[in-house]
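Here's the structure we're looking at; comments come further down.
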Amino acid sequence: MDFEAKKDFLQAEYTNPAWILESGVAVEELEKYVNELENTALSKAIIKAKTFSFIANNARIAIDKDDMFQDKVLTDGLMRHQKQRWSAEAKNRYLSKELSDISKAWSCGAYKSHEDFGHISPNSKALLSLGFAGLLDRIYEAASREKLTDKQKEFYESCEIVLKAFIALAKRFAEGVKPYNADNAVALENIANGKPSNIYEAMQTLVLYFFAHEYITGARVRTLGRLDVLLYPYFVDDIKSGRYTKAEIKNMLKFFLYKFWLAKVPYDLPFCLGGGDEDDKEVTNELSYLIVETYNELNIYSPKIHIRVSDKTPKDFIKLVLDCIRRGNSSFVFVNDYVGVESLRRVGIEERDAKNFVPIGCYEPAVWGVEIGCTGNGGVNLAKAIEFVFTNGVDLRTGEKIGLATGEINDYPQFVRAVKEQIAYMIKNALSYVVQVEKYYGEMYPDAILSCQYDESVKRGVDVYEGGAKYNNSSMYLYCIASVVDSVCAVKELVFESKKYTFAELGEILKKNWEGYEQDRLAALRLTHKYGNNDPIADAIAVEMSDFCAKLVNNQPNGRGGVFKAALFSIDECFKVGARTMATPDGRKSGDILSKNLCATVAMDKKGVTGLINSVTKMDLADFATGSVLDIVLHPSAVRGEDGLEAFYGILKTYFLKGGFAMHGNVFNAADLREAQKNPEKYANLQVRVCGWNAYFVNLSKTEQDAFIAQAETNYGA
């Protein structure tokens with residue numbers, strides 16, 4: 001089956017699936033079964049497992065005759081709704097007041113926290129090495145032990161149910177596709193009866209698992225794992241044996257990657273390439289190159305690709321990826337092996353385990369198939385602390401008392417203390433809610449499909465969401481570091497050094513959103529000390545604030561026997577919290593965007609990418625074990641030709657040598673973006689790296705577009 005010949009036929013795979021009516025029962029019958037099941041006295045774990053099994057055995061399927069892989073089961077989100085219902089029931093029963101408080105805090109753009117079942121790192125190594133049948137045998141062996149508790153017996157029963165369901169589903173797909181694609185049918189039969197024996201079967205196993213877990217059960221599988229590590233043994237064996245040629249494997253990869261692109265997985269599905277292993281050996285191999293080359297030829301931006309970089313990662317591999325980025329395919333993020341490993345060590349993860357981390361979701365490191373990282377539990381808007389100091393803890397927009405009453409401010413040290421008190425209060429409240437909600441994970445979302453892959457969970461007979469993994473950690477993001485730094489610098493200069501205003505006078509100006517004070521606002525924008533310019537005063541404040549925040553989060557106990565891990569990035573929350581934060585002393589108006597990730601405040605970094613890197617790396621980024629990321633924007637002229645590619649490589653390596661963790665980039669100029677904004681039909685395929693995912697520029701809001709244009713106008717390296 002040739003990809004190019006089938007590409008046009010694949011377009012309707014997910015927009016108009018060809019459901020086979022006679023292949024199963026209607027969704028209404030599925031719902032009836034679930035309703036009856038939920039009215040029994042069975043535990044949530046067994047109910048969920050039986051729900052999945054009934055769907056796998058009885059729901060209607062679609063057969064993609066023009067595809068090499070099968071995955072579609074018609075459920076209309078039945079299990080996703082089940083998850084949402086169970087979560088809501090548990091929170092309303094046990095945490096109604098706490099949930100109300102958190103909702104108020106987030107409506108003000110201060111902080112948010114919540115349960116997190118949406119950042120999963122499956123043990124895909126065990127999945128491929130054992131197969132569904134091998135995983136089932138392992139469950140039988142563990143369940144045969146004496147003196148098991150009822151809870152353990154129930155756990156093993158739920159795992160048995162879901163693994164048998166996967167085997168049944170593979171057999172159903174095999175039977176359905178047999179008249180159209182005998183090779184696919186054989187692959188699926190082999191998967192049902194054992195474990196994958198070649199790269200085609202390995203890919204089909206990953207496809208089957210991902211789409212069943214994500215689209216049937218409503219989970220968020222946030223990485224396929226280290227794909228070059230997973231598939232390379234099959235690749236070598238298939239080439240050596242003559243089973244497949246390299247060209248045939250490349251054709252398979254096109255079908256494989258394009259399937260995830262067509263599925264439009266929310267925030268894009270990631271996988272990882274390159275970097276070191278547990279023995280410090282570089283894993284980059286021939287397949288790593290082939291995957292990147294194939295991906296670039298497809299001109300897609302999902303899946304997204306994490307590139308782990310050690311000092312042994314081949315330079316030409318890194319430059320291959322950088323060349324993709326400068327040509328417009330920017331759906332890559334580079335991750336520094338050494339900072340990632342050190343950050344995990346600092347939160348109690350054994351070094352050998354830490355070396356086998358995989359970035360989850362956007363760029364959050366977790367131990368592959370060993371740690372339940374829950375890398376998306378919430379975040380704190382650091383810049384909101386500035387507002388609360390001026391308002392004594394009251395949200396200006398709603399009048400809600402969310403922060404602390406830190407009182408009158410008379411000097412600079414007192415101001416800094418007040419800001420820290422507000423930050424500490426928000427972090428404490430955000431962490432507290434996560435700790436409380438995690439106590440009810442067993443009622444909200446037992447996950448036998450994930451647990452049956454985790455060695456420690458199987459050994460102990462404990463669900464991964466109830467503390468069954470080796471590492472059971474949680475996370476908290478810290479948003480908008482540059483905005484809080486620039487605001488502190490502005491107060492220091494305007495109030496306590498030049499004495500242009502009293503603290504109360506500046507507060508009144510901010511409450512009026514700088515209205516009637518436009519020249520004062522412009523002067524604030526032009527103040528000398530701004531984060532992102534290698535300015536010693538601003539950067540010292542950044543170090544002070546980041547150290548302070550990291551200590552408040554890291555290694556605090558969570559509710560599942562693990563600890564919290566801090567993150568220093570905002571993703572796109574900088575737009576959302578900016579819309580809910582009053583004017584700030586650095587010249588920003590109420591509602592405007594706050595700073596993004598590790599970036600400077602928009603257009604405030606005047607010393608180019610070198611100044612930005614020097615500012616960022618003064619902070620100890622290994623203190624952020626849920627990650628940090630720097631976005632860079634480069635003018636096309638800066639990376640043109642071989643010299644430009646070498647310069648691009650130099651920027652990345654410099655950042656990593658100075659202690660940076662993750663970096664992604666965009667290469668464009670402001671003129672092109674302005675033209676795309678005016679004539680979107682001419683720039684339909686212009687990609688931008690939004691945060692931890694990509695999007696077409698023309699599909700962004702005008703606010704987001706304007707932020708990219710402002711960044712591009714700094715013309716780094718031009």
Under the 3.5 angstrom rule, does the side chain of Q687 hit a backbone N or O of Y696 as a donor-acceptor pair?
no
K6 with D67: basic N within carboxylate O range, under 4.0 Å
no
Would you indicate whether the side-chain heavy atoms of K565 and Y471 approach each other to under 4.5 Å?
no
By the definition side chain to side chain donor-acceptor pair (under 3.5 Å), identify the one residue from N472, N356, N473 that meets it with E371.
N473
Reported CG-to-CZ distance for the pair N57 and R172, which is rounded to 0.5 angstrom:
7.0 Å
Salt-bridge test for K312 and D280: reply yes if a basic N is under 4.0 Å from a carboxylate O, no otherwise.
no
Does E438 form a side-chain hydrogen bond (donor to acceptor under 3.5 Å, both in side chains) with S474? I'd like the steps, not just the answer.
CA-CA 9 Å; E438 285 182 328; S474 306; 2.4 Å; yes
Heavy-atom closest pair, residues D116 and C374:
OD2-C, 2.9 Å
Heavy-atom pair with the smallest gap, counting every atom of A165 and A56
O-CB, 3.6 Å
Can you establish whether the number of heavy atoms outside F9 located under 6.0 Å from its atom CZ is more than 12?
no
Only one of K151, R560, R460 clears salt bridge (charged side-chain N to carboxylate O under 4.0 Å, His left out) with E466; which?
K151
Check this for me: does any side-chain nitrogen of one of E364 and R222 sit under 4.0 Å from a carboxylate oxygen of the other?
no
Determine whether the aromatic ring centres of F656 and Y338 lie less than 6.0 Å apart.
no
Scanning both residues in full, the closest heavy-atom pair of S302 with Y295 reads N-OH, 3.5 Å
In chain order, what residues pass the ring-ring contact (aromatic ring centres under 6.0 Å, His included) check against W693, with sequence neighbours excluded?
Y267
In short, ring pair (Phe, Tyr, Trp, His ring centres under 6.0 Å) pairs touching residues 179-201 with sequence neighbours left out are F69-Y200
What is the minimum heavy-atom distance between C159 and C452, and which atoms define it?
SG-CB, 3.9 Å
CD1 of I139 to CG of L163, rounded to nearest 0.5 Å, is 6.5 Å
Residues E175, K178: salt bridge by 4.0 Å N-O rule
yes
Is D455 salt-bridged to K459, cutoff N-O under 4.0 Å?
no
Surrounding NZ of K281 (heavy atoms of other residues, nucleotides or ligands, distance under 6.0 Å), is the total greater than 12?
no
If you measure from the Lys or Arg side-chain nitrogens to the Asp or Glu carboxylate oxygens, is any gap between E286 and K246 under 4.0 Å?
yes
Closest contact, heavy atoms only, L30 versus T75:
CD1-CA, 4.4 Å
With a 4.5 Å heavy-atom cut-off, do E456 and V370 have their side chains touching?
no
Hey, mind stepping through D447 and Y454 against side-chain hydrogen bond (donor to acceptor under 3.5 Å, both in side chains) and telling me if it holds?
CA-CA 11 Å; D447 196 345; Y454 271 61; over 6 Å; no
So CG of L262 and NZ of K264: to nearest 0.5 Å the spacing works out to 6.5 Å
For E141, is the CD atom crowded, meaning more than 12 foreign heavy atoms sit under 6.0 Å from it?
no
Could you check whether atom NZ of K44 has more than 12 heavy atoms from other residues, nucleotides or ligands sitting under 6.0 Å from it?
yes
Nearest heavy-atom approach of S124 to L224 is OG-O, 3.2 Å
Just so I know, are the side chains of I249 and F256 near enough to count as touching, which here means a heavy-atom distance under 4.5 Å?
no
Would you check if Y445 and T217 make a side-chain contact, meaning some heavy-atom pair closer than 4.5 Å?
yes
For the pair R220 and E214, find out whether any cationic side-chain nitrogen is under 4.0 Å from an anionic carboxylate oxygen.
yes
Would you call M68 and N251 a side-chain contact if the rule is heavy atoms closer than 4.5 Å?
yes
Taking the side chain as every heavy atom from C-beta outward, state whether Y465 and L450 have any atom pair closer than 4.5 Å.
yes
Go through the steps for Q11 and Y258 under the test side-chain hydrogen bond (donor to acceptor under 3.5 Å, both in side chains), then give the verdict.
CA-CA 10 Å; Q11 303 306 312; Y258 208 66; 3.1 Å; yes
Should the ring pair F661 and F357 be called parallel, tilted or perpendicular, given that the plane angle runs from 0 to 90° and is split at 30 and 60?
tilted
Any non-hydrogen side-chain atom of L128 less than 4.5 Å from a side-chain atom of Y234?
yes
CD1 (I291) and CG (N296) are apart, to the nearest 0.5 Å, by 13.5 Å
State plainly whether the residues E4 and K254 are in salt-bridge range, i.e. N to O under 4.0 Å.
yes
Can a salt bridge be assigned to the pair D279 and K355 using a cut-off of 4.0 Å between side-chain N and carboxylate O?
no
Measure the shortest side-chain to side-chain distance between M252 and Y244 over non-hydrogen atoms and say whether it is less than 4.5 angstrom.
yes
Does the plane of the ring in Y232 sit parallel, tilted or perpendicular to the ring in F235? Use 30° and 60° as the thresholds.
parallel
Using a strict threshold of under 4.0 Å (side-chain N to carboxylate O), is an ion pair present between D64 and K259?
yes
Roughly how far, to the nearest 0.5 Å, is the OH atom of Y441 from the CD atom of E115?
6.5 Å
Is it true that D66 and K7 make a salt bridge, defined as a side-chain N closer than 4.0 Å to a carboxylate O?
no
Parallel, tilted or perpendicular: rings of F211 and Y14 (30°, 60°):
parallel
Please determine whether salt bridge (Lys or Arg N to Asp or Glu O under 4.0 Å) holds for the pair E13 and K72, giving the CA-CA distance in whole Å, both sets of side-chain angles, and the decisive distance to 0.1 Å.
CA-CA 9 Å; E13 257 200 37; K72 293 178 184 61; 2.8 Å; yes
